[in-house]
Each structure stands twice: as structure tokens, then as C-alpha cells.
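Working notes for the structure below.
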There are 2 protein chains.
Amino acid sequence: MSSSQTARRRARAELTQEIVDIARGQLATSGAAGLSLRAVAREMGMVSSAVYRYFPSRDDLLTRLIIDGYDAVGEAVEQADAAVDPDDVTGRWVAVCHAVRTWALAHPHEYALLHGSPVPGYRAPDDTVGPAARDAVVYGRILSDAWASGRLVLPDGGPPAPAPLADDLEAVRAMMPGVPDAVVVRAVALWATLYGMVSFEVFGTFDTVVRLRDVLFDHTVRSLAAWIGLPGT
Amino acid sequence: MSSSQTARRRARAELTQEIVDIARGQLATSGAAGLSLRAVAREMGMVSSAVYRYFPSRDDLLTRLIIDGYDAVGEAVEQADAAVDPDDVTGRWVAVCHAVRTWALAHPHEYALLHGSPVPGYRAPDDTVGPAARDAVVYGRILSDAWASGRLVLPDGGPPAPAPLADDLEAVRAMMPGVPDAVVVRAVALWATLYGMVSFEVFGTFDTVVRLRDVLFDHTVRSLAAWIGLPGT
DNA sequence: CAGATGCGAGAGCAGTGCTCTTGACATGGC
DNA sequence: GCCATGTCAAGAGCACTGCTCTCGCATCTG
């Protein structure tokens, strides 16, 4: 019977998932540095070597948590975008930014794992690059929709994009089809500002600088929206 | 003789410095996670317990490295600012941004220690807050000079700063006396963008996105300068 | 010149990631 | 049904970590 084989594989899948869940719990409380394979095994009533049947190393377990983290923030961003009237492009952008911030503040250690220092030697590029771009796709779609519907006015002021940047902008434009260079290059800046603000907040840099951090964040995000040419609210 | 007392104390000071230097070397090659007190002791020909006479814990040694790191980037920023004609406020801002980026790319692990995930439980606030603000003081002075000399034109467009933010903006204004609210609030955004861009680059987020990262950085920094009201070049 | 103090060495504890071997169990072909 | 095959948990063990403690020795202080 293939069901018995399935039983074995299902047990493996369930145990793998349980390891990930417990590891995420320990990550949430102790941070990435405090995550211990032995502690995970202990909490599962297993011995440490048994865990290595499911994850060949601690870094692989961390990589899995990273992928799941990107997926979680991507999910939050997509839901936030879907909850707003599609024609309200500025509202969508603001909602998406708040979704990132809210998720990061609720999962600071997971956020640190995604956007803080690379914990192992360096990041495994292939596995994580897909989920990592999930949120960027949403930003791109918002800008693309705004441009296609004529709601995005081409920003003026500031220097024009340097010619050698054309290839790079073309690649980034894949996430926001049709959008002109001046908007693409500012989109990258907005992306950096978003995560810069959130990182400052999560990592404590803003602690001694700003008190009403939610108000500042909201205002900054709206100002940036205006800068890139999105309509005011 | 106080010279013999000085000899003892000087030996202590020299050994402390040697520990820090070796630790910084190991930080540069192995990263913060790989920095080991025992390895430092080994490289010094000491036994590990002896190092604890100089630093009560590994976290204290890391804190020292953090303070030195903030000092180093602050130094780099101040030198970059001083090397430009003081009246060329935009040039000063661009130079300062490049100084941060250059330092970060040259010392990625140290940068990660400063602006990546907080490695120990959490950062000791009092000791690090002074050196951490050293670069921000330079940004503030540039904007303050620009405003005082009439070279900074009040930016328009975008929503006005919310009233509840007045207190926070007043506090931030301490670093850029006289500058109006609309500029202060954008200065915070610029600060976040600067470190967001550098973090994306140092942490590898841009690896699969942009190739001519120096060109993009320079252009972004100049665009932001125009956004905050600094004159074009 | 004593006594107090600072310092390095060594042993030791608890914890970590990871490897290897051993024995029990389920799976699948004959 | 049986037996080889592969999977699995367990345990021991290695090398490493941060950190604590004690013990002598050198240095400094009154």
C-alpha cells in the first residue's frame, strides 16, 4: 500500500514542520543568535542528532526560517494591498508600508534575520531570492497601476537619471512595467527608505530620537508618495 | 614613583588596546558571530581567563568595538565634509553620503555590527548614543549652514508635517538649528534612505537587483538633496 | 618592609554544532 | 511470508565556546 509509505513521509513532513515551528518560537524569544538545535530537540523530546535527519545543519534551519519570514511579510503586504480600493494607489502604497512596519514590530527577531546582519557566512542566494522579492512585486504593481491609469504624474526636479544606469533600470522595470526611468529610480529610493525607517525603528536607532514613531512613519511615507508622483489624499 | 604606577596602568592600557585591535581584526574577517574571546587570547599568547581581567564579558568587548566603529564612521564623515568647499552644501551632503558608503563597503562586518541586528540581548544605550550621533551632527550642520546662508529653498509639495510631531521635530532640530519643520522631517527620511541604501548594498540585497550600485547611489543621493531643497550642482 | 592589590595560568562547568556508530523499526521486492 | 534495504532515534564523543573559580606570583601602596 502506498498509504503506509505516505504515512512515513507524512510523519517526516510533520516532524519537519514541528521543528520549524519550535525553531520559529525560539527565534521569536531568543533571537537568531540564541537559536539552538539542541534546544529545539529538547523541546521536542528528541535527541539533538535526530534533528540532523531533517536539517543537515543549523544554517539550513535558519535558511528555512528566512524563507518563511519573507513569505510572511510578503503575505502581509499582499493582503494590505488587496484591502484597499485598487484605484487609490496612494492609499495602497501607504497601506503596504504600514504592513511592513507592523509585521516588523510584531516580529522583530524575524525581521532582524531578514534585513539585519547576515548571520551565517553569507546568504544562500538561490533559495531566498524568490520569496524575498514577493513584497517588491507588490510595490511595483502599485506603481505600474498608477502609471497605467494616469494617476502617476511624472515627477520633475532633481537631476535626470544617468545614462549608464539604463540597463539596471530596465531590469528593475520588470517589476513595474511601463513606468518611466525617473519613477523607477525613485522607487528604489523609496524601497530603501521604507526599510531604512523600519530598521531604525526595530533596531532601536530611533529610540532616543523620535517618540511618535508611527506618526513620523506615516507622514514620511506619504511625503515620499508625493515625491514619486503619486496623487495626494 | 608614580612612573611605576604609570607603568602598570600603561601596560593595562596597552594590553586593552591590543585586545581591541586583535578583536577588530577577527571581526573584520570572521564577523561578529565568529568573534571569540578565546581566539583573541590565543592570538595574544594569553589564556582566555586573563582576557576577562580587561573585558568582563564578550558583550563588553563588542560594545567597545561598536563605539570605535561609530567613531570611525563619524571621523570619515567629518573629514569628507571638511574636504569640500563649505559653501557647496550639496557637494558636502553628497561627499558625506559617499563617505558612509565607502566606509561601510570597506568594513562590512563592522557596519553590520553598527546597523545590523543587535547581537547581544540589546544594545547598551548610554555608552553608544554619543558616538552614534557623530555623523548625524554633520548632516545637521550641513542643513543648518544651507538654511542660514539662504541656499536651502523651502521644499513644497507633499503633505504638511502633522501637528503632534512638533515636539519630536523640535528635538531633532537641535542638530540643525533654525531649519524649518518641512526640512527637519525630510532630513530624517534622508537619513533613513542613506542607511537603507547602504544596508541593502552591504547586506547583499542589491546584489541581484542593481549592478552599477555606485552610480545609482550617487544619483539617489543627489535626487534626495534636491528633494530636501538643496541647490542642484 | 609588610600588606594589599592586580594579574596570568590552569582547571572546570555548562552549553554549543556536528559526526559517528549502534540497534530498532518500517518499507518494498522476492 | 521472508529477508534485504533503507530510515530513524539514541547515545557517545570531539572540538569549540563563554564564563567562573582558585591559586600562586609579581607589582604597587602605605
Side-chain angles (χ1 to χ4, degrees), chain A residues 1-20 22-23 25-27 29-66 113 118-122 124, chain B residues 1-20 22-23 25-27 29-66 113 118-122 124:
Chain A
M1 303 283 281
S2 66
S3 67
S4 45
Q5 179 193 12
T6 307
R8 175 114 117 184
R9 290 180 183 267
R10 192 170 58 190
R12 178 175 183 86
E14 286 178 359
L15 277 180
T16 305
Q17 189 58 44
E18 189 180 346
I19 290 174
V20 170
I22 292 181
Q26 298 208 350
L27 170 65
T29 61
S30 310
L35 187 138
S36 149
L37 264 179
R38 295 180 107 113
V40 171
R42 217 176 297 130
E43 192 170 331
M44 293 183 65
M46 294 174 72
V47 87
S48 72
S49 60
V51 181
Y52 284 84
R53 296 257 170 213
Y54 299 88
F55 290 93
S57 81
R58 179 179 179 273
D59 282 7
D60 289 86
L61 179 54
L62 275 178
T63 301
R64 170 64 183 268
L65 291 176
I66 290 173
L113 192 61
V119 185
Y122 266 102
Chain B
M1 301 288 280
S2 66
S3 66
S4 46
Q5 179 194 9
T6 307
R8 175 114 113 185
R9 289 181 185 267
R10 192 170 58 191
R12 179 176 181 86
E14 285 178 359
L15 277 180
T16 305
Q17 190 56 46
E18 189 179 345
I19 291 174
V20 170
I22 293 181
Q26 298 209 349
L27 170 66
T29 61
S30 311
L35 187 141
S36 148
L37 263 179
R38 293 181 108 112
V40 171
R42 218 176 297 129
E43 193 170 330
M44 293 184 64
M46 294 173 71
V47 89
S48 72
S49 60
V51 180
Y52 283 84
R53 297 268 176 203
Y54 300 87
F55 289 94
S57 81
R58 179 179 179 273
D59 282 7
D60 289 85
L61 179 54
L62 275 178
T63 301
R64 169 63 183 267
L65 290 175
I66 290 172
L113 191 60
V119 184
Y122 266 103

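Values below: all heavy atoms of this structure, side chains included; hydrogens, waters and symmetry mates excluded. Reminder, nothing fancy here: chain letters follow the sequence lines and each chain counts from 1.
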Round to a whole Å and report the spacing from CG of B:Leu62 to C1' of D:dT17. 14 Å
What's B:Leu35 touching, base or sugar-phosphate or nothing? Going by heavy atoms closer than 4.0 Å. sugar-phosphate
How about A:Asp60 and A:Arg64: do any of their side-chain heavy atoms sit closer than 4.5 Å? no
Base, sugar-phosphate alone, or nothing: which one does A:Ser57 contact when heavy atoms must sit under 4.0 Å apart? sugar-phosphate
Check if the side chain of B:Ser48 and the base of D:dG18 share a donor-acceptor pair of N or O atoms closer than 3.5 Å. no
To the nearest Å, give me how far apart CG (A:Asp59) and P (C:dT16) are. 16 Å
With the side chain of B:Met46 defined as its heavy atoms from C-beta on, choose the nearest nucleotide among D:dA9, D:dC19, C:dA9. C:dA9
Per B:Ala50 side chain, nearest of listed nucleotides C:dA9, D:dC19, C:dC18: C:dA9
Taking N and O atoms by type only, does the side chain of A:Ser49 place a donor or acceptor under 3.5 Å from a partner on the base of D:dA9? no
Student check: side-chain heavy atoms of A:Leu61 and A:Val51 closer than 4.5 Å: no
Would you indicate what B:Tyr54 reaches in the nucleic acid, counting non-hydrogen atoms under 4.0 angstrom: base, sugar-phosphate, or nothing? sugar-phosphate
Nucleotide D:dC8, atom C1' - distance to CZ of A:Phe55 in whole Å: 16 Å
Take the protein atom CD of A:Glu43 and the nucleotide atom C1' of C:dT16, then report the distance between them rounded to whole Å. 17 Å
Check if the side chain of A:Arg38 and the base of C:dG15 share a donor-acceptor pair of N or O atoms closer than 3.5 Å. no
Consider the side chain of A:Arg12, meaning its heavy atoms from C-beta on, and name the nucleotide among C:dG17, D:dC8, D:dG18 that approaches it most closely. D:dC8
Think A:Arg42 has a side-chain N or O under 4.0 angstrom from the OP1 or OP2 of C:dT16? yes
What's the CZ-C1' distance between B:Arg58 and C:dT16, to the nearest Å? 13 Å
Backbone N/O of B:Arg12 and side chain of B:Arg53: donor-acceptor pair under 3.5 Å: no
In short, A:Ser57 meets A:Leu37 closest at the heavy-atom pair C-CD1, 4.2 Å
Do the side chain of B:Ser36 and the base of D:dG18 come within less than 3.5 angstrom through a donor-acceptor pair of N or O atoms? no
Euclidean distance, atom CD of residue A:Glu14 to atom C1' of D:dA9 [Å, nearest integer]: 17 Å
Quick one: A:Leu61 CG to C:dG17 P, roughly how many Å, whole number? 10 Å
Nearest-nucleotide check on DNA chain C, B:Gly45 vs A:Tyr52; residue mapping nearer the 5' end is B:Gly45
Minimum-distance pair of heavy atoms, taken over all atoms of B:Arg58 and B:Leu35: NE-O, 2.9 Å
For B:Thr29 and B:Gln26, indicate whether the former's side chain and the latter's backbone hold a donor-acceptor pair under 3.5 Å. yes
Just compare C:dG17, D:dC16, D:dC8 and give me whichever is closest to any side-chain atom of A:Arg53. D:dC8
Could you tell me the separation between the CZ atom of B:Arg9 and the P atom of C:dT5, rounded to a whole number of Å? 13 Å
Describe the nucleic acid contact of B:Leu15 in one word from base, sugar-phosphate, nothing, applying a heavy-atom distance below 4.0 Å. sugar-phosphate
